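Please read these numbers as outputs of a predicted model, since none were measured by experiment. Hydrogens, waters and symmetry mates play no part in the numbers below; they use all other heavy atoms, side chains included.
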Amino acid sequence: MAISSLLRRPDLLRPLLNLVAFELGWLACVLGGSWVAALVAAVILTLHLVWQARPGEWRWLAGFAALGLGVDGGLTLAGGFDFGDQPLMFGVLPLWIWLLWPLFATLLHHSLAWLWQRPWLAVLGGAISGPASYYAGAQLADVALAAWLLPAQALVWGLLCLWLTFHFGRGERSASPA
């Protein structure tokens with residue numbers, strides 16, 4: 001498909017731009033550290049809320065920010081992460097890793113919306129891509145991971161994606177004709 005025809009298809013362009021924005025945010029967080037992450041994430045999240053978000057979607061971004069602080073903060077306190085001498089937000093996490101959670105939430109209603117109708121694919125995707133993302137990020141950001149962390153992340157992300165299929169999938173299935 002030519003780029004010019006893609007630009008005329010908002011149904012394809014918007015999810016693609018959503019995914020590209022997330023990936024740019026992920027790279028800025030992992031490679032740039034907390035200050036770069038804060039700036040880039042602020043721009044991406046603001047543009048997302050203004051340009052693409054559904055009414056009330058800010059609640060998902062805020063909810064995932066809180067969830068990220070709880071999940072990754074708890075795993076850090078349990079010894080799963082060693083951030084070395086990086087400055088920690090609330091004494092638990094560097095800002096850059098925490099910002100990945102609301103950035104991920106920008107995908108829920110857009111680039112990943114199709115996934116919530118496919119529970120097993122969502123669970124498998126979460127259980128594989130979640131830990132893979134943490135592993136890649138740790139390698140790039142010089143973060144040490146405990147041996148048990150990636151299996152724990154597989155469980156966390158698999159269950160989170162399963163919950164998302166129940167939450168989003170149920171509403172979509174009930175709205176579609178039988």
Side-chain angles (χ1 to χ4, degrees), residues 18-19 21-34 36-38 40-42 44-45 48-49 53 56-113 115-116 118-170:
N18 174 244
L19 182 60
F22 169 76
E23 292 301 332
L24 289 173
W26 187 92
L27 284 169
C29 287
V30 171
L31 296 175
S34 291
V36 171
V40 173
I44 291 171
L45 293 171
H48 178 80
L49 288 170
E57 192 173 329
W58 66 270
R59 291 181 185 101
W60 282 97
L61 304 183
F64 266 71
L67 182 63
L69 186 59
V71 170
D72 283 349
L75 292 171
T76 300
L77 292 173
F81 296 100
D82 181 358
F83 296 105
D85 60 354
Q86 295 183 42
L88 304 178
M89 182 182 73
F90 303 120
V92 181
L93 292 173
L95 179 62
W96 66 265
I97 198 167
W98 175 70
L99 287 170
L100 291 170
W101 286 80
L103 285 170
F104 173 77
T106 65
L107 303 173
L108 298 178
H109 297 294
H110 308 285
S111 296
L112 293 180
L115 184 61
W116 312 130
R118 297 159 180 85
W120 291 109
L121 186 58
V123 170
L124 185 62
I128 292 171
S129 65
S133 178
Y134 279 88
Y135 179 77
Q139 298 304 304
L140 293 170
D142 197 29
V143 173
L145 305 178
W148 57 266
L149 183 68
L150 294 178
Q153 288 289 5
L155 181 62
V156 166
W157 283 94
L159 290 173
L160 177 59
C161 288
L162 179 62
W163 177 78
L164 289 167
T165 66
F166 284 119
H167 184 77
F168 292 128
R170 181 180 59 233

Note, Leu160 side chain near Trp157 side chain (heavy atom, < 4.5 Å): yes
Counterpart residues, side chain to side chain contact (heavy atoms under 4.5 Å, CB included), relative to Ile44 (two or more places apart): Ala21, Val40, Leu103
Partners meeting side chain to side chain contact (heavy atoms under 4.5 Å, CB included) with Leu115 (sequence neighbours left out): Leu112, Leu121, Ala122
Phe22: ring pair (Phe, Tyr, Trp, His ring centres under 6.0 Å) partners, not counting sequence neighbours: none
Separation between NE2 of His48 and CG of Leu107, rounded to the nearest 0.5 Å: 8.0 Å
Within 6.0 Å of OH in Tyr135, more than 12 heavy atoms from elsewhere: no
With sequence neighbours excluded, residues passing side chain to side chain contact (heavy atoms under 4.5 Å, CB included) with Ile128: Leu124
Pairwise distance OG(Ser111) to CZ(Phe104) - rounded to 0.5 angstrom: 10.5 Å
CD1-CG distance between Ile97 and Leu69, expressed to the nearest 0.5 angstrom: 11.5 Å
Residue pair Asp142 / Gln86: nearest heavy atoms and the distance that separates them: O-NE2, 4.4 Å
Side chain to side chain contact (heavy atoms under 4.5 Å, CB included) against Leu31, all qualifying residues, sequence neighbours excluded: Leu27, Leu140
Residue pair Gly68 / Trp98: nearest heavy atoms and the distance that separates them: C-CD1, 4.2 Å
Residues Leu108, Trp116; criterion side chain to side chain contact (heavy atoms under 4.5 Å, CB included); working and verdict: CA-CA 9 Å; Leu108 298 178; Trp116 312 130; 3.7 Å; yes
Atom pairs and distances, donor-acceptor, side-chain atoms in residues 71-82, under 3.5 Å, two or more places apart:
from	atom 1	to	atom 2	distance (Å)
Asp72	OD1	Tyr134	OH	2.9
Asp72	OD1	Gln153	NE2	3.4
Asp72	OD2	Trp101	NE1	2.8
Asp72	OD2	Tyr134	OH	2.8
Thr76	OG1	Asp72	O	2.8
Asp82	OD1	Gly84	N	2.9

Shortest non-hydrogen separation from Val36 to Ala28 and the atoms involved: CG1-O, 3.9 Å
N/O donor-acceptor pair under 3.5 Å between Ser34 side chain and Leu95 backbone: yes
Heavy-atom donor-acceptor pair, Trp60 side chain to Thr106 backbone, under 3.5 Å: no
Shortest non-hydrogen contact from Ala41 toward Leu99: CB-CD1, 4.0 Å
Spacing of CG belonging to Leu162 relative to NE2 belonging to His167, to within rounding of 0.5 Å: 13.5 Å
Which atom of Pro102 lies closest to which atom of Leu61, heavy atoms considered: O-CD2, 3.5 Å
Which atom of Pro131 lies closest to which atom of Leu150, heavy atoms considered: O-CD2, 3.5 Å
Under 3.5 Å: donor-acceptor pair, side chain of Ser129, backbone of Gly125: yes
